[in-house]
Amino acid sequence: MPAPTNGSLGESTPLLGARHDNEPKWKQYSKSIGQMVWGTLCSNYVNVLLVFVPLGIIAGKLHWSPTAVFILNFIAIMPLAALLSFATEELSAKLGQTLGGLCNATFGNAVELIVSIVALQANQIRVVQASMLGSVLSNMLLVLGCCFLAGGIRASEREFNATVASTMSSLMAVGSAALIIPATLYTSISENSDHKIPENDHNIQLLSRGTAVIMLILYVLYIIFQLFTHHELFADMEAQEGGDEEGVKEGDTLPPIPAIVALVLVTVVIAFCADYLVDSIDAIVESAGINKTFIGLILIPIVGNAAEHVTAVVVALKGKMDLAVNVAIGSSLQITLFVTPFLVILGWIMDRNMTLHFQGFETVIFFLSVLVVNYLIQDGKSNYLEGCMCLGMYIIIALAFYVKPEDASGNLGSSFFSNFW
C-alpha cells in the first residue's frame with residue numbers, strides 16, 4: 001500500500017520523519033553509543049562485578065594492602081573476561097565462518113595469555129607454568145565434569161560426536177607427551193654426574209623451544225583441519241551453536257568497528273589489572289601462606305575462564321553436548337598447543353627462562369588427567385557419574401597442590417619417570 005500523502009495522517013508522518021532526520025548528529029551518535037554500551041553491559045550477569053575494575057586499579061595505584069589489591073583485581077578480571085569473550089563473538093559473527101573461527105581461536109584464551117605475559121615479564125616463571133597447567137586442568141576436569149553433571153540431570157545419558165572428541169583427546173595426549181619428555185630428559189641427565197647444571201638447563205631450553213615450534217605447527221594444522229579440510233565433522237557443534245541464539249543474535253549488538261574498539265579497550269584494562277594482580281602475589285604468598293603454584297594452578301584459571309565455564313554448563317543443561325565438550329576440550333587444547341608454546345617462544349625473545357620443564361609432580365598430574373579424560377570421552381557418551389568423577393579428581397588435585405610445599409623437590413615425579421621409562 002503506498003504511503004498516504006493527503007490529510008492529517010499524511011502530513012504528520014513526514015513531519016515525524018523530518019524531526020528524526022533533523023536531530024543533531026551528536027545526539028544520534030550518543031543514542032547509538034548508549035545502546036551499544038547498554039547492550040554490552042547486559043550481555044552477561046557477571047558484568048555487575050565491573051564495579052571492582054576501578055576499585056582494583058585504584059588499590060594498585062595507591063598501594064593498598066597486597067591482600068586488597070589481589071582480591072579486588074582478582075574479581076575485576078572476571079567481568080572483563082566476559083566482555084572480551086562477548087566482543088570476540090560479536091566480531092566473529094560479522095567476519096564470516098572462516099575468519100570468525102580464526103578470531104575465536106585467537107582470542108579464545110586471551111585472558112590467560114595476557115596474565116601470563118605480565119607474569120612472564122615479571123619473571124614469575126612458576127606462576128606462568130602453573131596457570132597454563134591450571135587452565136588445562138580446569139577445562140578438562142572442572143568444566144567438563146560440570147557439563148557432564150548438568151547434562152545428566154535431565155537425561156540418563158547424553159551423546160556427542162565421538163570422532164571430534166577423539167581427535168581433540170589425541171592432540172591432548174601429544175601435548176602431555178610434550179611435557180613428559182622434558183621432565184624425563186631432565187631426570188635422565190641430572191642422574192649423570194658428568195653433566196653440569198648450566199648444561200642441563202641449556203639442553204632443556206633447546207628441547208623446549210624446538211618442541212614449542214612443533215606444537216605451534218600442529219595447532220595451525222588443527223585449525224586448518226577444523227575450518228577447511230574436515231569442516232563437516234564439526235557441523236553438529238556449529239548447528240548447536242547456531243540454535244543456541246535466544247533474543248538478540250550474535251553480531252546484532254556491536255558492529256565490527258565498535259567490537260574491535262571494545263577488544264582493544266578491554267585488553268588494555270585487563271593488562272592493568274593483571275599487572276597489579278601479579279605484583280601482589282609475592283606478598284600474598286608471604287602473608288597468607290599460600291604457595292605460588294596453588295595461586296597459578298587453581299585461582300587464576302578460575303578468574304580467566306569463569307564466563308566461559310558458565311556458558312558451557314548452560315548449553316550442557318540444554319542437552320547440547322557437542323558444543324559443551326568443544327568448549328571444555330577445545331579450550332584445553334588451545335592452551336596446550338598454542339598458548340604454552342607461544343609463551344616459551346616469547347620467553348626466548350624476552351630472555352626469560354620459560355621452558356616446558358614442569359615439576360615432576362605437576363607432569364604426573366597432567367598425564368593422569370589426560371588419561372582419565374580420554375577414557376571418559378572415547379565412547380561419545382556421558383552421564384552424571386562421569387561428571388562426578390571429573391569433579392572429584394579436580395578437587396583431589398586442588399587439595400594436593402594446596403598442601404604441597406612450594407620448595408618440594410619433586411622426587412616423586414623423578415622416580416615415577418625413571419621407573420616408567
Side-chain angles (χ1 to χ4, degrees), residues 20-21 23-47 49-50 53 76-115 117 219-220 222-228 231 234-235 237-274 304-308 310-312 314-315 323 326-327 330-331 334 338-339 342:
H20 179 75
D21 293 338
E23 193 174 57
K25 290 289 185 182
W26 66 268
K27 187 175 291 187
Q28 296 179 22
Y29 289 142
S30 299
K31 287 183 178 179
S32 178
I33 293 173
Q35 291 174 354
M36 287 188 290
V37 171
W38 179 252
T40 302
L41 293 178
C42 295
S43 62
N44 199 307
Y45 291 112
V46 77
N47 289 339
L49 299 177
L50 284 171
V53 174
I77 292 178
M78 291 185 185
L80 291 174
L83 289 179
L84 192 66
S85 176
F86 175 75
T88 302
E89 292 171 355
E90 292 291 299
L91 181 60
S92 300
K94 294 293 186 180
L95 293 179
Q97 184 173 316
T98 301
L99 290 178
L102 291 173
C103 182
N104 276 321
T106 303
F107 291 97
N109 290 282
V111 175
E112 295 92 329
L113 185 59
I114 295 170
V115 174
I117 290 175
Y219 180 73
V220 172
Y222 170 68
I223 294 298
I224 296 174
F225 180 89
Q226 180 179 3
L227 297 179
F228 299 101
H231 173 71
F234 299 84
M237 180 198 70
E238 292 176 356
Q240 290 184 1
E241 190 171 7
D244 194 46
E245 297 172 353
E246 294 180 0
V248 180
K249 296 182 180 179
E250 290 181 359
D252 285 354
T253 304
L254 295 179
I257 299 300
I260 294 174
V261 172
L263 277 175
V264 173
L265 292 178
V266 174
T267 300
V268 171
V269 177
I270 290 176
F272 275 105
C273 293
N305 295 323
E308 192 176 42
V310 173
T311 301
V314 169
V315 297
L323 182 56
N326 181 72
V327 170
S331 184
Q334 189 179 50
F338 173 68
V339 178
F342 175 79

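- Using cut-offs of 30° and 60° on the angle between ring planes, the pair Y222 and Y219 is tilted.
- At a threshold of 4.5 Å between non-hydrogen side-chain atoms, the residues L83 and L50 count as touching.
- Taking 4.5 Å as the limit, every side-chain heavy atom of V111 sits out of range of all side-chain heavy atoms of L80.
- Annotation: the span from E112 atom CD to I117 atom CD1 amounts to 11.5 Å, rounded to 0.5 Å.
- Considering CE of M78 and SG of C273, their distance stands at 12.5 Å, rounded to 0.5 Å.
- The CG atom of L113 sits 5.5 Å away from the CZ atom of F342 when rounded to the nearest 0.5 Å.
- Under the rule for a side-chain contact (heavy atoms from CB on, under 4.5 Å), the partners of I114 that lie at least two apart in sequence or sit in another chain are T267, I270, A271.
- Looking at every heavy atom in both residues, N47 comes nearest to P79 through OD1-O, 3.7 Å.
- In this structure, the side chain of T40 engages the main chain of M36 through a donor-acceptor pair within 3.5 Å.
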